[in-house]
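Report on the following structure.
Excluded from the calculations below are hydrogen atoms, water molecules and symmetry mates; all remaining heavy atoms, backbone and side chain alike, are included.
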Amino acid sequence: MHITNIGGSLTTAVCLSLIAWSIRVLRAQKLAEQKSREDKGVARGDGSLPSIRAGRRAYARLSPSAFWLLVESRSIRPVLVDVRESPNEEDGVEDELSGRLRCARVPAGELARALRSRQTHWLERTGFEPPTKRSTIVFVSTHGHSANQAAAIAVQLGFTRCAVIEGGLAAATPLAPPRVLSRGGDDFLENSLSPFGAESPRERHRLVSADGETIVTNATSSSSSSFGTDKNKPSASSPLSPSASPRAIPEGETIGRDALALLGEYGVAQGAPLVTVIDVRRYDERALYGSIRGSVHLPAEALPRALLCTPEEWARTFHFRKPGVDEVVVVYGRRNERAAYAKRVFGDAGMHRVLVLADGVCGWRNGGGGGGGGFW
């Protein structure tokens, strides 16, 4: 009787163990089948969407102001992708804006296939040169819902610099630059907005720079000498003067060379920097043309995605500590264009103590920024 009781207890334990093991095996099999279906979808290239797992968002959201600073940049060439399924009569203004921006048209349902077969399906679908996995890609839709889905798909496929517009084209449209007349009489934006770059001389005719000066890119003089005839000037209804440009950096949001050098000297004297100076140029520019001594490097095109990183990920990737929201940061580029964009992106992330170095690294060098603080 005593042995029978022991046998019964052991049998129950074995049965429970077998049930638990069976549950684990069935669960593992189900997960393996799900993963196999996803892998087959990728291998087929049939446009089936990869699964979007819940977790931390891996793509950036640009405010409409930051978006326009990015689009107008001459140094960062964003790939603009309109992922709306089909134009809607109610989206007439947004559709016109998409056309002016020369967005690549790829509906969200076809995006996975287009990105997986970039050399074939992308070229056939859009007619544009395909993006690389390190291209800055901005997905646009009317209100941003389809763009969010598209950005998540692109991130799952390995594209690391994806972004959407907060509020979509509906939010960006009111801030769009006015249309102006080129030398050939055709309407176009103030910058070459082709996402992949090939510029014609007509497209290179820009009227407003990022720092608010009215210029022509193939001329060295400013608006007072570049526009010799009335036909080359903006129309009276176009607020393209420096004072009216929404892209100009307010004077109180810049810092001069001498003030920055003085902060550097104080930091050296105290043994700890008082300000984080960030170079937002490309890697090759920093290597070829030098940098301000004591500055750290974070390319402007990587900034939106970088701000989503944890402090540990930031330090591991960019090799300096992630600034806090209350710390003073100074950003600089060659001039003010990329720095203005970086300042806006920082501000959208809640960092409002960010200043732009007046005239950028060119102004620093031309002003003799050798200073006693050992910055250059």
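When every heavy atom of Ala349 is checked against every heavy atom of Leu307, the shortest pair comes out as CB-CD1, 3.7 Å. Across Ala172 and Phe67, no two heavy atoms sit closer than the pair CB-CD2, 4.2 Å. A pairwise comparison of heavy atoms in Ala339 and Val331 identifies O-CG2, 3.6 Å as the closest pair. Taking both residues in full, the closest heavy atoms of Arg161 and Ala302 are given as NH2-CB, 4.0 Å, listed atom of the first, atom of the second, then distance. Minimum interatomic distance between Val330 and Leu260 (heavy atoms only, all atoms of both residues): CG2-CD1, 4.1 Å. Taking both residues in full, the closest heavy atoms of Leu175 and Ser65 are given as CD1-OG, 3.7 Å, listed atom of the first, atom of the second, then distance.
Hydrophobic clustering (ILVMFWY, side-chain heavy atoms < 4.5 Å, transitive): Leu16 and Val25 are in distinct clusters. No chain of hydrophobic side-chain contacts below 4.5 Å, direct or via other Ile, Leu, Val, Met, Phe, Trp or Tyr residues, connects Leu26 to Trp21.
Judged by distance alone, with hydrogens and angles left aside, the side-chain atoms of Arg118 form a donor-acceptor pair with the main-chain N or O of Pro131 at under 3.5 Å. Between the Glu337 side chain and the Ser75 main chain, a donor and an acceptor come within less than 3.5 Å of each other. Formation of a donor-acceptor pair under 3.5 Å by the Glu72 side chain with backbone atoms of Leu69 is not found in this model. Formation of a donor-acceptor pair under 3.5 Å by the Lys322 side chain with backbone atoms of Cys309 is found in this model. Judged by distance alone, the side chain of Ser117 and the main-chain N or O of Ala114 form no donor-acceptor pair under 3.5 Å. Using modelled atom types, one side-chain atom of Arg305 and one backbone atom of Ala58 make a donor-acceptor pair closer than 3.5 Å. Counting only distance, with no hydrogens or angles, the side chain of Arg365 and the backbone of Cys362 share no donor-acceptor pair below 3.5 Å. A donor-acceptor pair under 3.5 Å links the side-chain atoms of Glu285 to the main chain of Arg282, judged by distance alone. In this structure a side-chain-to-backbone donor-acceptor pair under 3.5 Å is present from Ser135 to Thr132. A donor-acceptor contact shorter than 3.5 Å links the side chain of Ser141 to the backbone of Ala147.
Taking CD1 of Ile153 as the start and CZ of Arg116 as the end, the distance is 9.0 Å to the nearest 0.5 Å. Atoms CG and CG, on Leu157 and Leu111 in that order, are 7.5 Å from each other to the nearest 0.5 Å. With rounding to the nearest 0.5 Å, the separation of NZ in Lys343 from CG in Asp348 is 10.5 Å. Atom CD of Gln270 sits about 5.0 Å away from atom CG of Leu274, to the nearest 0.5 Å. Note that CG of Leu18 is 11.5 Å distant from CD1 of Ile23, once rounded to the nearest 0.5 Å. Here the straight-line distance linking atom CD1 of Ile292 with atom CZ of Arg257 works out to 10.5 Å at 0.5 Å rounding.
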Working for side-chain hydrogen bond (donor to acceptor under 3.5 Å, both in side chains), residues Ser73 and Tyr341: CA-CA 8 Å; Ser73 170; Tyr341 167 67; over 6 Å; no
Determine, step by step, whether Val280 and Leu298 satisfy the side-chain contact (heavy atoms from CB on, under 4.5 Å) criterion, reporting the C-alpha distance in whole Å, the side-chain angles of both residues, the deciding distance to 0.1 Å, and the verdict. CA-CA 5 Å; Val280 297; Leu298 174 55; 5.6 Å; no
If you apply the rule side-chain contact (heavy atoms from CB on, under 4.5 Å), what do you find for Val164 with Val138, and how did you get there? CA-CA 5 Å; Val164 300; Val138 182; 5.9 Å; no
In sequence, state the C-alpha distance, the side-chain angles, and the governing distance for Trp122 and Val106, and then conclude on side-chain contact (heavy atoms from CB on, under 4.5 Å). CA-CA 8 Å; Trp122 180 279; Val106 183; 4.0 Å; yes
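With a 4.5 Å cut-off on side-chain heavy atoms, Pro311 and Arg321 do not count as touching. Side-chain contact between Arg134 and Glu301 is absent, with no heavy atoms from C-beta onward closer than 4.5 Å. Contact annotation: the side chain of Arg338 approaches that of Ile76 to within less than 4.5 Å [non-hydrogen atoms, C-beta and beyond]. In this structure the side chain of Tyr332 never reaches within 4.5 angstrom of the side chain of Ile255, judged on heavy atoms.
With ring centers used as reference points, Trp314 lies under 6.0 Å from Phe320. Note: His297 and Tyr283 meet the aromatic proximity criterion, with ring centroids under 6.0 Å apart.
Taking the charged nitrogens against the carboxylate oxygens, Asp95 and Arg100 have no contact shorter than 4.0 Å, which rules out a salt bridge. Salt bridge annotation for Glu327-Arg353: absent, with no cationic side-chain nitrogen under 4.0 angstrom from a carboxylate oxygen.
The ring-ring contact (aromatic ring centres under 6.0 Å, His included) pairs that include a residue from residues 150-175 number zero, where partners must be two or more places apart or lie in different chains.
Ser291 and Asp279 share no donor-acceptor pair across their side chains, judged by distance under 3.5 Å alone.
No more than 12 heavy atoms of other residues, nucleotides or ligands sit less than 6.0 Å from atom OH of Tyr266.
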